[in-house]
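Take a look at the structure below.
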There are 2 protein chains.
Amino acid sequence: MTTATQAPRHPAGLAQKLADSGLRSTPQRELVYDVLLNKRDHPTADEVFARVKPELPGISLATVYNCLETLVQCDLVRAVNFERGPTRYCPNLRPHAHFHDEVTGETHDVDLPETLFAKLKSELPPGFDANAVEITFRGKAQSPTN
Amino acid sequence: MTTATQAPRHPAGLAQKLADSGLRSTPQRELVYDVLLNKRDHPTADEVFARVKPELPGISLATVYNCLETLVQCDLVRAVNFERGPTRYCPNLRPHAHFHDEVTGETHDVDLPETLFAKLKSELPPGFDANAVEITFRGKAQSPTN
DNA sequence: GAGCTTCTTTAGAATTATTCTAATTATTGC
DNA sequence: GCAATAATTAGAATAATTCTAAAGAAGCTC
């Protein structure tokens with residue numbers, strides 16, 4: 001087996017970003033990142049585990065937790081927590097808000113103008129210095145796809 | 001014992017609001033609500049339990065969970081979840097944001113102009129109808145009190 | 001104001017989500 | 001190839017919450 005028989009699935013990111021942090025690229029990390037990219041529905045660790053298992057039957061839940069944590073550390077994925085319940089994971093790195101549909105339970109990414117995030121930060125009272133803002137909407141969405 | 005020997009600690013709310021939902025006012029519910037009002041530091045259920053115990057030594061943790069849930073149902077208290085970890089409780093019902101100090105771990109309420117909340121909702125793409133917005137900042141705060 | 005009904009609390013068991021531990025396996029550098 | 005390091009694994013341990021079944025109030029009815 002020579003090189004380059006199989007193109008990397010992550011256009012140009014994972015292996016490099018991992019290396020930047022002194023970490024290795026492994027099949028488990030690749031695959032976990034893959035399933036996040038391929039279905040961006042903010043899955044829980046359990047759900048990621050279920051999606052990854054068929055392709056890598058030997059993988060353990062602990063490894064899925066490890067990989068997710070690693071990806072979060074490398075700034076490739078964001079951990080999201082609205083309401084009690086398991087942490088969910090989101091590979092969308094652009095600044096965006098989340099819309100939580102109270103009927104279906106689904107979570108949608110919502111792009112908001114950068115200026116709004118800036119505006120929000122500027123509204124903080126003196127003495128408060130924010131480096132991140134999280135915005136979560138709750139309500140009903142008429143599903144755009146069905 | 002005649003009436004009005006002891007003023008109710010909740011200016012005019014708890015018993016009534018509970019009754020509105022067909023629920024009873026109990027010492028446990030009163031006390032849990034009390035500790036939330038008296039120290040507004042977004043305690044966890046465990047912390048509420050610890051604060052309530054000295055006054056009502058027989059109370060159980062399950063009851064604290066029950067009471068908190070009841071108060072949330074009656075719209076007297078908000079449950080707050082940023083980041084994994086136990087749910088925290090907040091008796092501030094005005095629309096406000098939370099500022100999570102990454103150094104101290106403390107959470108501060110931040111009042112923002114109503115117009116901002118409206119503005120945010122108006123920025124949602126068509127088809128999304130939000131009835132609530134939650135905003136969480138993360139960063140450093142120079143404590144205003146020390 | 002005794003008895004019935006309903007609501008509430010309680011202790012402890014059960015469940016869920018996550019982290020830890022120690023052993024095994026893979027990778028890398030020499 | 002071999003040592004050193006990193007990553008994965010299974011299972012135990014922990015933390016947060018919910019459930020369950022029994023016991024304890026509080027209202028109502030007559």
Side-chain angles (χ1 to χ4, degrees), chain A residues 1 3 14-35 42-53 55-74 76-89 105, chain B residues 1 14-35 42-53 55-74 76-77 79-89 105:
Chain A
M1 212 184 282
T3 49
L14 184 55
Q16 189 53 56
K17 283 248 192 179
L18 286 168
D20 290 351
S21 305
L23 300 168
R24 294 174 188 166
S25 176
T26 68
Q28 290 87 344
R29 286 170 180 171
E30 295 266 350
L31 189 49
V32 165
Y33 189 40
D34 252 15
V35 314
H42 307 84
T44 64
D46 259 334
E47 285 163 355
V48 171
F49 182 51
R51 291 175 198 180
V52 149
K53 199 103 195 242
E55 290 225 37
L56 213 57
I59 199 170
S60 80
L61 179 56
T63 298
V64 171
Y65 274 102
N66 291 342
C67 291
L68 288 169
E69 180 60 16
T70 299
L71 294 173
V72 170
Q73 295 307 302
C74 294
L76 285 158
V77 165
R78 279 173 50 186
V80 177
N81 290 271
F82 13 74
E83 74 195 9
R84 84 195 58 173
T87 298
R88 296 176 169 278
Y89 297 87
Chain B
M1 211 183 280
L14 184 54
Q16 189 52 57
K17 283 247 191 181
L18 285 167
D20 290 351
S21 304
L23 300 168
R24 295 175 188 163
S25 178
T26 68
Q28 290 86 345
R29 285 170 181 169
E30 295 267 351
L31 189 50
V32 165
Y33 190 40
D34 254 13
V35 313
H42 306 85
T44 64
D46 258 334
E47 285 163 354
V48 171
F49 182 51
R51 291 174 198 180
V52 149
K53 199 99 195 243
E55 290 226 35
L56 212 58
I59 199 170
S60 80
L61 178 57
T63 298
V64 170
Y65 274 102
N66 291 343
C67 292
L68 289 169
E69 179 59 17
T70 299
L71 294 173
V72 169
Q73 294 307 301
C74 295
L76 286 158
V77 165
V80 177
N81 290 271
F82 12 73
E83 73 197 7
R84 84 194 58 171
T87 298
R88 296 177 169 276
Y89 297 87

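Below, all heavy atoms of this structure are taken into account, side chains as well, without hydrogens, waters or symmetry copies. Every chain is numbered from 1, with letters handed out A, B, ... down the list of sequences.
In this structure, B/Leu18 places its CG atom 20 Å from P of C/dT6, rounding to the nearest Å. Taking atom CD of residue B/Glu30 and atom P of nucleotide C/dT9, one finds them 11 Å apart after rounding to whole Å. Spacing between atom CG of A/Asp46 and atom P of C/dT15 amounts to 16 Å, rounded to whole angstrom units. Spacing between atom OH of A/Tyr65 and atom C1' of C/dT18 amounts to 5 Å, rounded to whole angstrom units. Between the P atom of C/dA17 and the CG atom of A/Asn66 lies a distance of 18 Å, rounded to the nearest Å.
Annotation: side chain of B/Val72 is not in contact with side chain of B/Leu68 (no heavy-atom distance under 4.5 Å). Between A/Cys74 and A/Leu23 there is a side-chain heavy-atom pair separated by less than 4.5 Å. Here the side chains of B/Thr70 and B/Leu18 are in contact, with some heavy-atom distance below 4.5 Å.
Of all the heavy atoms in A/Val48 and A/Pro43, the pair that sits closest is CG2-CG, 3.7 Å.
Nucleic acid contact for B/Gly22: none, since no nucleic acid atom lies under 4.0 Å from a heavy atom of the residue. Among the heavy atoms of the strands, none lies under 4.0 Å from B/Gly85. Backbone-only contact: B/Thr87 has heavy atoms under 4.0 Å from sugar-phosphate atoms and none from a base. Using a 4.0 Å heavy-atom distance criterion, B/Thr63 is classed as a base contact.
Atoms CG and CZ, on A/Asn66 and A/Arg29 in that order, are 8.0 Å from each other to the nearest 0.5 Å. In this structure, the separation between CD1 on B/Ile59 and CD on B/Gln28 is 5.0 Å, given to the nearest 0.5 Å. Residue B/Gln73 holds its CD atom at 13.0 Å from NZ of B/Lys17, rounded to the nearest 0.5 Å. In this structure, the separation between NE2 on A/His42 and CZ on A/Arg78 is 8.0 Å, given to the nearest 0.5 Å.
Between B/Pro86 and B/Ala62, the one whose closest nucleotide on DNA chain D sits nearer the 5' end is B/Pro86. Summary of the strand contacts: B/Arg84 and B/Leu23 both lie near DNA chain C, and taking for each the nucleotide with the nearest heavy atom, the more 5' one is attributed to B/Leu23. Between B/Ser25 and B/Ser60, the residue whose closest nucleotide on DNA chain C is further toward the 5' end is B/Ser25.
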Report, as a single string ordered 5' to 3', how protein heavy atoms within less than 4.0 Å touch nucleotides 23-30 of chain C: B base, S sugar-phosphate only, - not at all.
----BS--
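Between the A/Glu55 side chain and the A/Val52 main chain, no donor and acceptor come within less than 3.5 Å of each other.
Close approach of DNA chain D to chain A, defined as any atom under 4.0 Å from a non-hydrogen atom of the protein, starts and stops at D/dT5 to D/dT18.
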